[in-house]
Each structure stands twice: as structure tokens, then as C-alpha cells.
Colleague: 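Take this structure, written in C-alpha cells, and hold onto it; I'll ask about it next.
Counting starts at 1 for both ligands and their atoms, in listed order.
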Amino acid sequence: MAGSAKTSTVWKNPLRDERDKRVPRIAGPCSMVIFGVTGDLSRKKLMPAIYDLANRGLLPPGFALVGFARRDYADEDFAAVVLDAVKAHARTPFRQEVWDHLAEGIRFVQGTFDDDAAFAKLADTLGRLDKERGTGGNHAFYLSIPPNMFPVVLDQLSEHKLAQPTTTDIAGRKPWRRVVIEKPFGHDLDSAVELNALVNRVFPEETVFRIDHYLGKETVQNILALRFANQLFDPIWNANYVDHVQITMAEDIGLGGRAGYYDGIGAARDVIQNHLLQLLALTAMEEPISFEPKQLQTEKIKVLSATKLVEPLEETTARGQYSEGWQGGEHVVGLLDEEGFDPQSKTETYAAITLEVDTRRWAGVPFYLRTGKRLGRRVTEIAVVFKRAPHLPFDQTMTEELGQNALVIRVQPDEGITMRFGSKVPGSGMEVRDVNMDFSYGEAFTESSPEAYERLILDVLLGVPSLFPVNAEVELSWRILDPVLERWAADGTPDPYPAGTWGPASADEMLERTGREWRRP
Ligand code: BG6
């Protein structure tokens, strides 16, 4: 019959790409050069992650790891350093055959960053690896070094023709060159613009991979799955239903040993500018039209462009500095007595701010962001707190303990999601009390999650930039934060809070003024 032809709608799941997801993507032949290879990050995160990738079969046979540092190591000495780091910090079990193969591609180049001869040697080493190990002219340069060292290293890479490929393979394809940089990406908007220009002078933006390791965490990527693979949450993910959002990153550790990096930087620059604003962007953004890196970035840029501090800042922000106290049964010193810190330091170790996202979806919904060191315990979570039910047809005395519904994304350490809602207490009355419904990664999945750096290093080698903030995101994040940083620099000092507590009283007051309170995670 005319017109009766069946039409079928082809529905395409945006979270699924064309390949079979069960077949892992393996990087092509390449090398990774690490500058600052003797530092903590390299030892605790980068080297172990590279081994874990090799152990999972995700590195190609033609892979090489090149360390560059001042120390006078032979290749074997450096390999021994890598081996120690792997044994101490790798996530996956040690397998001799995996290590033996990886170790064959380990090289060391000794030199300082201003040493021309050392960079000539690096170029030579990479050329030889292309021949001996088949790394194919593909090289990633990981700058695990202080930003004031960037200019000299970038210039050296450029002068020694390492930043841009000069050859093609037999199929006429150019090999790739990429640079990986770690935060801090500047210390305010102006310095970030300057730094970005400097990096882009040598490496075009599409070859720059800025690490925000929070984006490499499984639970952070799961925000996208939660929001866009389900029908359940989107209808209530807006100002009609959401009262406010709390994004918390609390740490119990202090700052002993980190004065060089942290003094003068503080909690807002260290964590809010990058990790927490990225979490906000993923929580608040609109659905991207696909999961192509460009589309994801577009949505994050849109939401960051619409985000701003709520005024007046003296009422909507708080900062603190830990003083001596008790943590885990141990007496710990305050920041001013930590080794290396200026005894007059005004650096904040706790920061809380209020943001609003000026879009139709989020109009009037405050986003509270807080982070701190030496707090009650280590926890990172995003709590979407819903408005109260418009009417409660119960005897008020029976609902006294009823809070607001909440959906809590537990980023770490107890990874999962909690839904909090009211439930009838068993018995003959109609008493309603809050209960939690939990999804826990540990129980739902048998496989343990890869470390953030495994995912991010693999993506660098594959050339997939979805999980790396671009220039525009970094600059927008500074634009959001700059006014409060300027204000804090201009007057006052951080409010003290004893180590082991949940921050200064001023942070509690900041929320109390709006009739709300911080969750005790
Ligand atoms: C880093 C900050 O980016 O993140 C540190 O510079 C902080 O100050 C660290 O301790 C926390 O990372 P994670 O993955 O342990 O939450």
C-alpha cells in the first residue's frame, strides 16, 4: 500500500564511536621525551603510567622513552631510575617481559636547557631511535618543568628542528610532533595569554596538549555518560529543579615540601582555576552535537564564557590558611611553620567562591566551589542539590529530618554516585527521612580504573585532544577568577582554620547568608 513503507529511525548513540569499543586503541610508533624527568611528577605518575600502558598492550613495539635532565646518567642508570619508579608506583603488576621490552627503548640525554650541544644530542638520539626502534619520526615532548623554563626549552626545540617534522614517510605522510605542558598555565589572564602565545609560536595549538589531570579521571568522564547517555537526569538538570551545585575538592595533606611551587600561588590558582572550573564546565554545559574534541570544547567554552563571580565578593567568597591542629591522630604544624614558607605568608590554603552561569538553563542557580588542604578528609565530589518539594502533605513533625534531594558524583576516593532522597521510615506512622542510593565503581565493575595519566598520555600519543583544555578555556578560567585574586591580593589575610577541620568559619558564613550549608562529605 502506498505510503505504508516502513520508516525506521536510525538513532546514533553519541557516546559510541564507529570502532568496536572493546578493541582498545593502541598508539602508533613514537617516542616520548620527558624534560624534568628527575622530578616528583615524573617519578610518581609519568613513568609508572608509561609502564602501565605498556603492560596493558597499548604502546606500540616501536616506542621509546627519552629522559632529559642535568644529571649525569648513562642510559642504564636512567633505566634503573625508571624501574624503581615503576616498581614503587605502577598500578598494574610487574611483568619482567614487559619491562625488558620497554627498557630496550629507554635513553637518556644529559644537559641543561640552555645547552645547545645537549639539544643537538637529543635530535641525534631521536634520529637514531627512528632507525633503531622504528619510532617513525613521531615525538611528544613532555615539559614537566617550571613555566619560567618554557621559553628556553621551546626555543631549543624550535632551533634544533624538533618542533616541526622535516621529513615525510614513504607514503608522503608527515610524522607528528606534540608538546605536553603541565599547569600552572600562567598566574592570571595576562600571563596566560603571554604563555599561550609563547607556546603557540613554536607549537601550533592543535599540537599542544595541556594536562588537567582531573579530565583523565574515569569519574570525571562519567559526568558526560551520566548526563548524556540517560533520559533520567536531563529533564531536572536546570534552574527549575536545581537549587544549587557544590563542587568540593578537599585534601587532608599539608604543604610540607611544596613551598617552592605553592607559596604565593594558593588554593584558587592551584585547583579552582583548572580542576574545579573544568568540573563546573562538564556539569553545566549543553549536550555537544558529537563527542568530537572540537564539539566538546565548543560547549565547554560556551559555558565558561557565561560563567562569572557573584558579587559582592566579600560576601560570596572565603579564603583560609591552616594553622596547627590534629589530623588522623597526629599533631601537624600550620602553614607558616611548614618548611620553606614565608612566616608572613598570606597564601591561602583554602578557597571558596560563588559563581553563576548566565544561561537559560542555569539562571539564578549558584555554583559553590571550594578546595583546601589539611581538611577533614580527602574527597572530591560534585553535589547537585535540588529544590525542596513544593508541598509536603505530611505532618511537619514527621518530616523534620528531611533534607533536599541531591545527586552526588563522587569523583574520589570512593568513586561512584549517590542519590539522596526521602523515604518512609518503617513503622505505623508516616515519618520520612533521607536515605542514600549508591552506585559504586568497585561493586559495579570488576576492572579497576586506569590512572588519569595513563589515559592522558595514551591520548597524547594517539593525538586525541578531547580531554585537554585549549587556550580559550584556560584564558576564560582566568578571566572568571582574576577579580577575586586581585581583591585578595589587595587587602586582608586568609582566615585561619585548624588543620583537620572543614575550613574557616567565614566559608560557613558565606553559605549561611544564603540560607544554605556545605555538605559534610
Ligand atoms: C594538583 C595540585 O593539580 O592536584 C595539587 O597541584 C593537588 O595541589 C593535586 O594535591 C590533587 O590531585 P588528586 O588527583 O590527588 O586529587
Colleague: I'd like a table of the close N/O pairs between ligand 1 and the protein (anything under 3.5 Å), one pair per line with both atom names and the distance.
Modeller:
{"unit_1": "ligand 1", "atom_1": "3 (O)", "unit_2": "K183", "atom_2": "NZ", "d": "3.1"}
{"unit_1": "ligand 1", "atom_1": "3 (O)", "unit_2": "H275", "atom_2": "NE2", "d": "2.7"}
{"unit_1": "ligand 1", "atom_1": "6 (O)", "unit_2": "K183", "atom_2": "NZ", "d": "2.9"}
{"unit_1": "ligand 1", "atom_1": "6 (O)", "unit_2": "R258", "atom_2": "NH2", "d": "3.3"}
{"unit_1": "ligand 1", "atom_1": "6 (O)", "unit_2": "D270", "atom_2": "OD1", "d": "2.6"}
{"unit_1": "ligand 1", "atom_1": "6 (O)", "unit_2": "D270", "atom_2": "OD2", "d": "3.4"}
{"unit_1": "ligand 1", "atom_1": "8 (O)", "unit_2": "R258", "atom_2": "NH1", "d": "2.7"}
{"unit_1": "ligand 1", "atom_1": "8 (O)", "unit_2": "D270", "atom_2": "OD2", "d": "2.6"}
{"unit_1": "ligand 1", "atom_1": "8 (O)", "unit_2": "K373", "atom_2": "NZ", "d": "2.6"}
{"unit_1": "ligand 1", "atom_1": "10 (O)", "unit_2": "E251", "atom_2": "OE1", "d": "3.3"}
{"unit_1": "ligand 1", "atom_1": "10 (O)", "unit_2": "E251", "atom_2": "OE2", "d": "2.5"}
{"unit_1": "ligand 1", "atom_1": "10 (O)", "unit_2": "K373", "atom_2": "NZ", "d": "3.1"}
{"unit_1": "ligand 1", "atom_1": "12 (O)", "unit_2": "H213", "atom_2": "NE2", "d": "3.1"}
{"unit_1": "ligand 1", "atom_1": "14 (O)", "unit_2": "H213", "atom_2": "NE2", "d": "2.8"}
{"unit_1": "ligand 1", "atom_1": "14 (O)", "unit_2": "K217", "atom_2": "NZ", "d": "2.6"}
{"unit_1": "ligand 1", "atom_1": "15 (O)", "unit_2": "R378", "atom_2": "NH2", "d": "3.4"}
{"unit_1": "ligand 1", "atom_1": "16 (O)", "unit_2": "Y214", "atom_2": "OH", "d": "2.5"}
{"unit_1": "ligand 1", "atom_1": "16 (O)", "unit_2": "Q412", "atom_2": "NE2", "d": "2.7"}

Colleague: Mind listing the side-chain donor-acceptor pairs of residues 468-480 below 3.5 Å, one per line with the distance, residues two or more places apart or on another chain?
Modeller:
{"unit_1": "N471", "atom_1": "OD1", "unit_2": "N196", "atom_2": "ND2", "d": "2.6"}
{"unit_1": "N471", "atom_1": "OD1", "unit_2": "R210", "atom_2": "NH2", "d": "2.8"}
{"unit_1": "N471", "atom_1": "ND2", "unit_2": "N200", "atom_2": "OD1", "d": "2.8"}
{"unit_1": "N471", "atom_1": "ND2", "unit_2": "E205", "atom_2": "OE1", "d": "3.3"}
{"unit_1": "E473", "atom_1": "OE1", "unit_2": "Q278", "atom_2": "NE2", "d": "3.1"}
{"unit_1": "E473", "atom_1": "OE1", "unit_2": "K300", "atom_2": "NZ", "d": "2.9"}
{"unit_1": "E473", "atom_1": "OE2", "unit_2": "V470", "atom_2": "N", "d": "3.0"}
{"unit_1": "E475", "atom_1": "OE2", "unit_2": "N196", "atom_2": "ND2", "d": "3.0"}
{"unit_1": "S477", "atom_1": "OG", "unit_2": "E473", "atom_2": "O", "d": "2.8"}
{"unit_1": "W478", "atom_1": "NE1", "unit_2": "F185", "atom_2": "O", "d": "2.8"}
{"unit_1": "R479", "atom_1": "NH2", "unit_2": "L304", "atom_2": "O", "d": "3.3"}

Colleague: Please identify each residue that fulfils ring pair (Phe, Tyr, Trp, His ring centres under 6.0 Å) with F386, with sequence neighbours left out.
Modeller: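 F386 satisfies ring pair (Phe, Tyr, Trp, His ring centres under 6.0 Å) with no residue once adjacent residues are dropped.
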Colleague: Identify every side-chain donor-acceptor pair in residues 489-496 under 3.5 Å, counting partners at least two apart or on other chains, and give the distances.
Modeller:
{"unit_1": "D495", "atom_1": "OD2", "unit_2": "S506", "atom_2": "OG", "d": "2.5"}

Colleague: Is a salt bridge present between E286 and K302, judged by a nitrogen-to-oxygen distance below 4.0 Å?
Modeller: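 Not counted as a salt bridge, because no side-chain N and carboxylate O are separated by less than 4.0 Å.
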Colleague: Is a donor from one side chain sitting under 3.5 angstrom from an acceptor on the other, for D188 and S191?
Modeller: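 Yes.
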Colleague: Tell me whether the guanidinium CZ or amine NZ of R520 lies under 6.0 angstrom from the six-membered ring centre of W518 and within 45° of its axis.
Modeller: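 Here R520 fails the 6.0 Å and 45° test against W518.
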